[in-house]
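Working notes for the structure below.
Side-chain atoms are counted along with the backbone in the values below, which use heavy atoms only and exclude waters and symmetry mates. In this chain, residues are counted from 1 in sequence order.
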Amino acid sequence: MNEQHADGTVAVDLSRGGTGFLVLLRHGQTVWSESGQHTGRTNIPLTAVGEQQARDAGVRLREAFPGGFEEGCVFASPLRRAQQTARLAGFAEPQTLDGIAEWDYGRAEGRTRKQVSEASGFDWDVWRDGPRSLTPALEGDWVETLPGGEQVPVHAGPGETLEEAAARARGAIDRVMPLLHDGHNVLLVAHAHILRILTSQWLDVDPHFARMLRLDTAHYSVLSVYKGDNVIERWNA
């Protein structure tokens, strides 16, 4: 990132051991990202604002990485909002990577933190308590009607623990490490919580650290290797 040449290419210098950059892009705005409803596996689309955010993110990424990303080096969550973001940002054929699907919020799915806390009788926090601390009475299936009239199915099950989400993230890192070691830059298009959790695993720290990382809609971050250590190169750009 700081090693950009005059011709616009990005250097792979000795301080990074020849390792490429791992770039993380959060999807654009959705109705639920604005309302604060937990959006794990519910397959909702981007809003019109989110679509434009995705296009703008593509512009910023091309400015940061003029050489782009080589074939086979762009991955997206299987969820619709991430796939839309990848394509609108200019990456027409991302590979689907299940390991970067959003944290499964289980019983909190489709609900705000306030709603979950009121239903459960305590001040619930997803990082501290996790989905499985919630009352099973919140489990169920229903159809949500979005403001534009589209209906989407919602499933609230047991969910997954933070540790389970972190294990998935480590698997995603393992999947792309051969590309990085070969000097390729890799782009992951996914979701706020799983990308923050993935970053904690890149740094080899407790996944609870991820709560300290803010990642806004359609913003990107860059992870790299510096003098043998996995580091954060740029955040929330």
Query raised in the report: Is there a chain of hydrophobic side chains (I, L, V, M, F, W, Y, each step under 4.5 Å between heavy atoms) that links Leu61 to Leu88?
Result: no
Query raised in the report: When rounded to the nearest 0.5 angstrom, what is the spacing between CH2 in Trp142 and CD in Gln151?
Result: 14.5 Å
Query raised in the report: Mind checking what makes ring-ring contact (aromatic ring centres under 6.0 Å, His included) contact with Phe69, not counting sequence neighbours?
Result: Phe65, Phe91
Query raised in the report: Hey, what do you get for CG (Asp129) to OG (Ser117), rounding to the nearest 0.5 Å?
Result: 8.5 Å
Run the side-chain donor-acceptor check on residues 75-84: report pairs under 3.5 Å with partners two or more places apart or on a different chain.
from  : atom 1 : to     : atom 2 : distance (Å)
Ser77 : OG     : Leu79  : N      : 3.1
Ser77 : OG     : His191 : NE2    : 2.7
Arg80 : NH1    : Glu150 : OE2    : 2.6
Arg81 : NE     : His27  : NE2    : 3.4
Arg81 : NE     : His191 : ND1    : 3.4
Arg81 : NH1    : Thr42  : O      : 2.8
Arg81 : NH2    : Thr39  : O      : 2.9
Arg81 : NH2    : Gly40  : O      : 2.8
Gln83 : OE1    : Arg87  : NH1    : 2.7
Gln83 : NE2    : Ser77  : O      : 2.9
Gln83 : NE2    : Thr96  : OG1    : 3.1
Gln84 : OE1    : Leu46  : N      : 2.9

Requested in this report: Please report the shortest heavy-atom distance between Ala54 and Ala218, naming the atom on each side.
Outcome: N-CB, 4.3 Å
Query raised in the report: How would you list, by chain and number, every residue that makes a side chain to side chain donor-acceptor pair (under 3.5 Å) with Arg132, sequence neighbours excluded?
Result: Glu164
Report task. Taking the side chain as every heavy atom from C-beta outward, state whether Arg60 and His219 have any atom pair closer than 4.5 Å. Result -> yes
Requested in this report: Could you pull out all residues at least two apart from Glu163 that satisfy salt bridge (Lys or Arg N to Asp or Glu O under 4.0 Å)?
Outcome: none
Query raised in the report: Is there a side-chain contact between Val154 and Asp141 (heavy atoms, below 4.5 Å)?
Result: no
**Report entry** Interatomic spacing from OH in Tyr220 to CG in Leu195 - rounded to 0.5 Å
**Finding:** 14.5 Å
Query raised in the report: By side chain to side chain donor-acceptor pair (under 3.5 Å), which residues pair with Ser133, not counting sequence neighbours?
Result: Trp124
Query - Counterpart residues, side chain to side chain donor-acceptor pair (under 3.5 Å), relative to Ser120 (two or more places apart) - result: none
Query raised in the report: What do the steps show when you test Phe122 against Leu134 for side-chain contact (heavy atoms from CB on, under 4.5 Å), and what is the final call?
Result: CA-CA 9 Å; Phe122 68 99; Leu134 298 173; 4.3 Å; yes
Query raised in the report: Going hydrophobic residue to hydrophobic residue with side-chain gaps under 4.5 angstrom, can you get from Val74 over to Val222?
Result: yes
Report summary line: d(Leu223 CG, Ile232 CD1) to nearest 0.5 Å is 6.5 Å
Query raised in the report: After noting the C-alpha distance and the side-chain angles of Phe21 and Arg234, does the key distance pass the side-chain contact (heavy atoms from CB on, under 4.5 Å) rule?
Result: CA-CA 10 Å; Phe21 292 110; Arg234 180 178 294 182; over 6 Å; no
Query raised in the report: Listed by chain and number, what are the salt bridge (Lys or Arg N to Asp or Glu O under 4.0 Å) partners of Glu160, not counting sequence neighbours?
Result: Arg41, Arg168
Query raised in the report: Any link between Tyr105 and Ile197 through a network of hydrophobic side chains (Ile, Leu, Val, Met, Phe, Trp, Tyr) touching at under 4.5 Å?
Result: yes
Query raised in the report: Are Thr199 and Leu215 close enough, and set up right, to give a side-chain contact (heavy atoms from CB on, under 4.5 Å), and what steps lead you there?
Result: CA-CA 11 Å; Thr199 299; Leu215 185 55; over 6 Å; no
Query raised in the report: Any ion pair linking Asp216 and Arg214 (charged N to carboxylate O, less than 4.0 Å)?
Result: yes
Query raised in the report: Which heavy-atom pair separates Leu198 from Ile173 by the least distance, and what is that distance?
Result: O-CD1, 3.6 Å
Query - Nearest-0.5 Å distance that lies between atom CG in Asn236 and atom OG in Ser221 - result: 5.5 Å
Query - Verify same cluster id: Leu179, Ile100 (apolar side-chain graph, 4.5 Å) - result: yes
Query - Residues in side chain to side chain donor-acceptor pair (under 3.5 Å) contact with Thr217, at least two apart in sequence or another chain - result: Gln53
Query - Side chain proximity check, Val189 to Pro94, heavy atoms < 4.5 angstrom - result: no
Can I get a per-line list of side-chain donor-acceptor pairs under 3.5 Å for residues 203-210, giving both atom names and the distance, sequence neighbours left out?
from   : atom 1 : to     : atom 2 : distance (Å)
Asp206 : OD1    : His208 : N      : 2.7
Asp206 : OD1    : His208 : ND1    : 2.7
His208 : NE2    : Trp127 : O      : 3.3

Query raised in the report: Among all residues two or more places apart in sequence or in another chain, which pass the salt bridge (Lys or Arg N to Asp or Glu O under 4.0 Å) test with Arg211?
Result: Asp125
Query raised in the report: Hey, any chance Met177 and Leu188 share a hydrophobic cluster, counting ILVMFWY side chains that come within less than 4.5 Å of each other, even indirectly?
Result: yes
**Report entry** Residues that Glu118 engages under salt bridge (Lys or Arg N to Asp or Glu O under 4.0 Å), provided they are two or more places apart
**Finding:** Lys114
Query - Audit row: His193, Val126, side-chain contact (heavy atoms from CB on, under 4.5 Å) steps and yes/no - result: CA-CA 10 Å; His193 275 162; Val126 66; 4.1 Å; yes
Requested in this report: Might you point out which heavy atoms bring Arg113 and Asp123 nearest each other, and give the distance in Å?
Outcome: NH2-OD1, 3.5 Å
**Report entry** Nearest heavy-atom neighbours spanning Trp202 and Ser224
**Finding:** NE1-O, 3.3 Å
Query raised in the report: Looking at Leu138 and Ala156, what are the two nearest heavy atoms and their distance?
Result: O-CB, 3.7 Å
Query raised in the report: What heavy-atom pair brings Asn43 and Val152 nearest, and what distance separates the two atoms?
Result: O-CG1, 4.0 Å
Query raised in the report: Do any pairs count as a salt bridge (Lys or Arg N to Asp or Glu O under 4.0 Å) and have a residue in residues 93-109, sequence neighbours left out, and if so which ones?
Result: Arg107-Glu139
